[in-house]
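Structure record follows, encoded as structure tokens.
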Protein chains: 4
Amino acid sequence: MGTDVEAPRATGRPRDPRIEQAALAAVRDLLAEGGYAAVTGAAVAARAGTTKAALYRRWPALPHLVHEAVFPGELALGTNLRAGLDEVVARLVGGTRDALCTPAAAAALPGLLAEAGTYPDLHASMIRRFSGVLAAMDERLGEAIDAGEAHPDARADDLVQLVVGTVIAGVLLTPGALDDAWVDRLTASVLRGLRPDR
Amino acid sequence: MGTDVEAPRATGRPRDPRIEQAALAAVRDLLAEGGYAAVTGAAVAARAGTTKAALYRRWPALPHLVHEAVFPGELALGTNLRAGLDEVVARLVGGTRDALCTPAAAAALPGLLAEAGTYPDLHASMIRRFSGVLAAMDERLGEAIDAGEAHPDARADDLVQLVVGTVIAGVLLTPGALDDAWVDRLTASVLRGLRPDR
Amino acid sequence: MGTDVEAPRATGRPRDPRIEQAALAAVRDLLAEGGYAAVTGAAVAARAGTTKAALYRRWPALPHLVHEAVFPGELALGTNLRAGLDEVVARLVGGTRDALCTPAAAAALPGLLAEAGTYPDLHASMIRRFSGVLAAMDERLGEAIDAGEAHPDARADDLVQLVVGTVIAGVLLTPGALDDAWVDRLTASVLRGLRPDR
Amino acid sequence: MGTDVEAPRATGRPRDPRIEQAALAAVRDLLAEGGYAAVTGAAVAARAGTTKAALYRRWPALPHLVHEAVFPGELALGTNLRAGLDEVVARLVGGTRDALCTPAAAAALPGLLAEAGTYPDLHASMIRRFSGVLAAMDERLGEAIDAGEAHPDARADDLVQLVVGTVIAGVLLTPGALDDAWVDRLTASVLRGLRPDR
DNA sequence: CACTAATCGAGACGGTACGTCGCGTCTTGTG
DNA sequence: CACAAGACGCGACGTACCGTCTCGATTAGTG
């Protein structure tokens with residue numbers, strides 16, 4: 001699940017598929033209600049109607065479960081790769097904001113970032129959530145540079161880091177202020193930052 | 001000192017000032033050596049040559065101690081408020097990078113951000129570290145707008161959030177890549193984003 | 001065993017029975033070596049090869065563990081209920097002396113008595129240790145009164161209280177003087193006190 | 001104070017005599033209200049309107065203070081040494097009961113006995129409380145033996161140990177049942193135990 | 001009248017034990 | 001095999017009490 005392919009186990013009693021969903025939902029509920037500190041192994045198991053052992057059969061550690069609960073899949077830009085740079089950047093900013101501003105995500109984010117130092121695979125998984133966006137932006141930005149729409153020094157990794165970081169800072173420091181006007185301001189500022197000097 | 005103004009206790013045995021300093025230094029050492037997980041009440045007390053009780057007399061909980069150890073005072077821009085906008089922004093970016101990239105700070109940052117959700121006063125203290133920079137940038141940016149050097153929509157809070165967030169994302173996601181070239185690229189991009197449309 | 005009937009837990013991982021025995025033995029060793037003050041949660045756990053949590057899973061607090069270690073079961077009189085009153089009383093006195101004069105018991109007794117004020121259930125458990133002896137003495141004394149061997153005012157609870165109290169006083173005030181001659185003197189005195197007036 | 005003569009300190013600020021009384025009264029109050037566990041250095045100082053340092057200037061440790069608060073002087077038999085043996089024993093039993101059955105004494109007794117193992121001087125002080133009674137009983141019992149009123153094996157130390165122990169057991173095990181009838185029963189039993197065999 | 005010396009209040013100090021909690025693993029019996 | 005249940009080792013947490021200490025401020029007797 002998550003980011004890795006699972007070996008198909010054929011033998012023995014099959015896993016109850018409801019437990020996986022119940023656990024992920026339980027994590028989201030607990031995050032929204034009590035924050036990251038409320039996401040305890042025992043609490044998740046109790047809320048999901050199962051036991052800790054069933055959780056550790058599915059995820060190597062609690063943060064991995066939290067990660068999957070909060071970021072179930074890749075960040076998506078929509079299907080706008082052929083759109084204008086303005087719209088692509090707007091979707092990047094807006095999509096990142098949307099992904100990180102759900103109650104569960106906002107509550108989990110700092111905790112996950114902290115655990116990323118302990119679990120290298122978790123760190124990799126979090127980065128991988130942006131790999132698709134990064135590749136797409138890399139390609140699109142290359143075209144924009146070739147077309148003279150973007151500054152030749154512009155780099156997709158810098159761009160994504162800037163956008164993601166700013167959203168993270170917004171979530172951590174001024175949650176509640178990340179409305180659409182905030183997205184518009186950040187988008188405009190980023191776009192100006194991408195423009196060529198002349 | 002610390003996070004708040006201190007009540008002027010005149011009575012009772014005065015606190016041993018060496019304990020405070022020893023504890024802060026112990027936290028920095030432990031952070032650099034073993035990361036956030038190594039900053040244990042007992043470990044700090046032992047390394048500082050004191051006891052847990054003496055620590056809890058000074059800080060309400062361990063994260064507060066870590067915060068003070070890692071961010072002892074306000075973020076400083078240097079005395080460059082009268083300098084050109086280019087230099088002011090360069091110093092903001094560089095100073096933020098420097099402050100968050102010390103071994104202790106880099107090790108403590110994710111943990112502190114996570115604990116901020118548990119301790120509201122810690123959250124407030126962390127934000128307050130930027131209040132001076134924020135005020136200074138607000139004033140300087142106002143002048144720049146008036147002088148036509150900056151975009152009329154530019155806001156100091158947005159700017160600081162963007163810079164701090166990008167540095168945080170850099171520390172968390174790509175530590176080791178935040179060299180001076182990185183600072184230069186971010187500075188240039190931010191400056192372009194601040195320029196008026198014309 | 002212990003102080004109460006145990007609920008028949010059928011589910012979950014069963015408790016490791018060796019831990020219980022190891023803890024009780026550890027307490028007895030520590031009592032004999034360092035007295036009541038040496039019976040620390042951490043010390044007991046370490047000596048028993050387990051952890052504090054495992055102890056607190058079995059006993060509500062340390063004194064309960066000490067109590068069970070020192071007084072594992074009811075005080076026994078031997079199987080002498082049909083013997084002459086002289087011998088019954090002699091066994092009561094001797095048995096009480098023996099039970100309270102083991103190194104562990106002598107070391108634990110004052111501490112346990114003191115903690116009994118804090119833990120009412122511990123107080124009840126300690127009293128219950130004498131219930132069997134009390135019932136037996138009550139029956140035997142009734143027969144003796146009917147046979148004219150004992151004073152009609154004699155009561156088993158008074159008798160047990162007197163014997164136990166005297167032994168406690170001996171242990172606390174003049175430990176080391178409770179030899180067999182002491183037992184004989186007390187036995188003779190108690191027996192005279194039980195005799196009818198004529 | 002208490003049992004020892006004090007060196008006459010002439011110089012320096014004299015001790016406030018009210019503190020001593022206030023501390024003793026505070027201990028008694030705390031014992032009656034919250035038991036031995038409530039007698040904390042800080043609690044005693046606060047209730048007495050003074051500080052811990054003032055207490056430790058007067059008593060070497062807390063149990064010594066408790067001891068003096070609860071047993072301010074020697075156990076007294078009244079002036080009945082020339083009375084009949086019946087009355088002397090009755091006064092011994094009754095006086096011991098009275099001394100150990102005050103709320104403060106009953107609450108402090110097990111704690112004090114436990115601490116006696118830690119502080120040898122406290123142990124000695126407690127025993128000394130009975131030295132007068134012991135000497136008096138020794139003399140009176142010798143006369144009784146000579147007069148044929150008492151068993152030639154009777155010993156004052158055994159007698160006192162028996163009476164004190166029984167009262168202690170009564171206080172610890174069945175507090176509230178030590179009424180005058182209880183005293184009468186114990187007195188009668190003890191007296192029978194003292195009688196010569198014929 | 002200053003000087004000295006011990007007290008007073010307040011509270012921090014080192015030390016140590018307490019009982020609780022969470023993590024991730026394990027060991028049962030039952031499907 | 002999975003599952004429910006819950007004990008296991010580990011280790012940190014924050015609190016409490018002990019008896020001592022260090023302050024600045026009093027409060028006598030002495031020189």
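We use all heavy atoms of the structure for the numbers below, so side chains are in, but hydrogens, waters and symmetry mates are not. Below, read A as the first sequence line, B as the second, and so on, with proteins coming before strands; counting in each chain starts at 1.
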* **Worked check of side-chain contact (heavy atoms from CB on, under 4.5 Å) between C:Arg58 and C:Leu65** => CA-CA 8 Å; C:Arg58 291 169 167 76; C:Leu65 162 57; over 6 Å; no
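- The heavy-atom pair separating B:Pro63 from B:Tyr119 by the smallest distance is CG-CE1, 3.7 Å.
- When the nearest nucleotides of DNA chain F are assigned to B:Tyr119 and C:Pro17 by heavy-atom distance, the more 5′-ward of the two goes with C:Pro17.
- Residue A:Ala61 is in sugar-phosphate contact alone, with no base atom involved, counting any heavy-atom pair closer than 4.0 Å across all strands shown.
- D:Tyr36 comes within contact range of no nucleotide atom at all, as no heavy-atom separation falls under 4.0 Å.
- In this model, the phosphate group of E:dC8 is approached by a side-chain N or O of D:Arg58 to a distance below 4.0 Å at OP1 or OP2.
- Among the protein residues, C:Val44 comes within range of no part of the nucleic acid, since none of its heavy atoms lies under 4.0 Å from any strand.
- Among the nucleotides E:dA10, E:dA5, F:dC17, the one closest to any side-chain atom of D:Thr40 is F:dC17.
- Which of E:dC13, E:dT7, F:dC3 sits closest to the side chain of D:Arg13 comes down to E:dT7.
- Considering B:His67, B:Glu20, B:Glu68 in turn, B:Glu68 is the only one that fulfils the side chain to side chain donor-acceptor pair (under 3.5 Å) rule with B:Trp59.
- Positionally, the nearest nucleotide of DNA chain E for C:Ala43 lies more toward the 5' end than for the other of A:Pro60 and C:Ala43.
- Distance, A:Asp16 CG to F:dC1 P: 18 Å, rounded to whole Å.
- Judged as a salt bridge (charged side-chain N to carboxylate O under 4.0 Å, His left out), and not counting sequence neighbours, B:Asp121 has no contacts.
- When the C1' atom of F:dA12 is taken as reference, atom CG of B:Leu30 falls 14 Å away, rounded to whole Å.
- OP1 or OP2 of F:dA2 has at least one side-chain nitrogen or oxygen of A:Arg15 nearer than 4.0 Å.
- The structure places CE of B:Met126 at 5.0 Å from CG of B:Leu112, a figure rounded to the nearest 0.5 Å.
- A salt bridge is defined here as a Lys NZ or Arg NE, NH1 or NH2 lying under 4.0 Å from an Asp or Glu carboxylate O, and C:Glu33 with C:Arg28 fails to meet this definition.
- For the segment residues 47-57 of chain B, the set of residues with a heavy atom within less than 4.0 Å of an atom of DNA chain E comprises B:Gly49, B:Thr50, B:Thr51, B:Ala54, B:Arg57, in numerical order.
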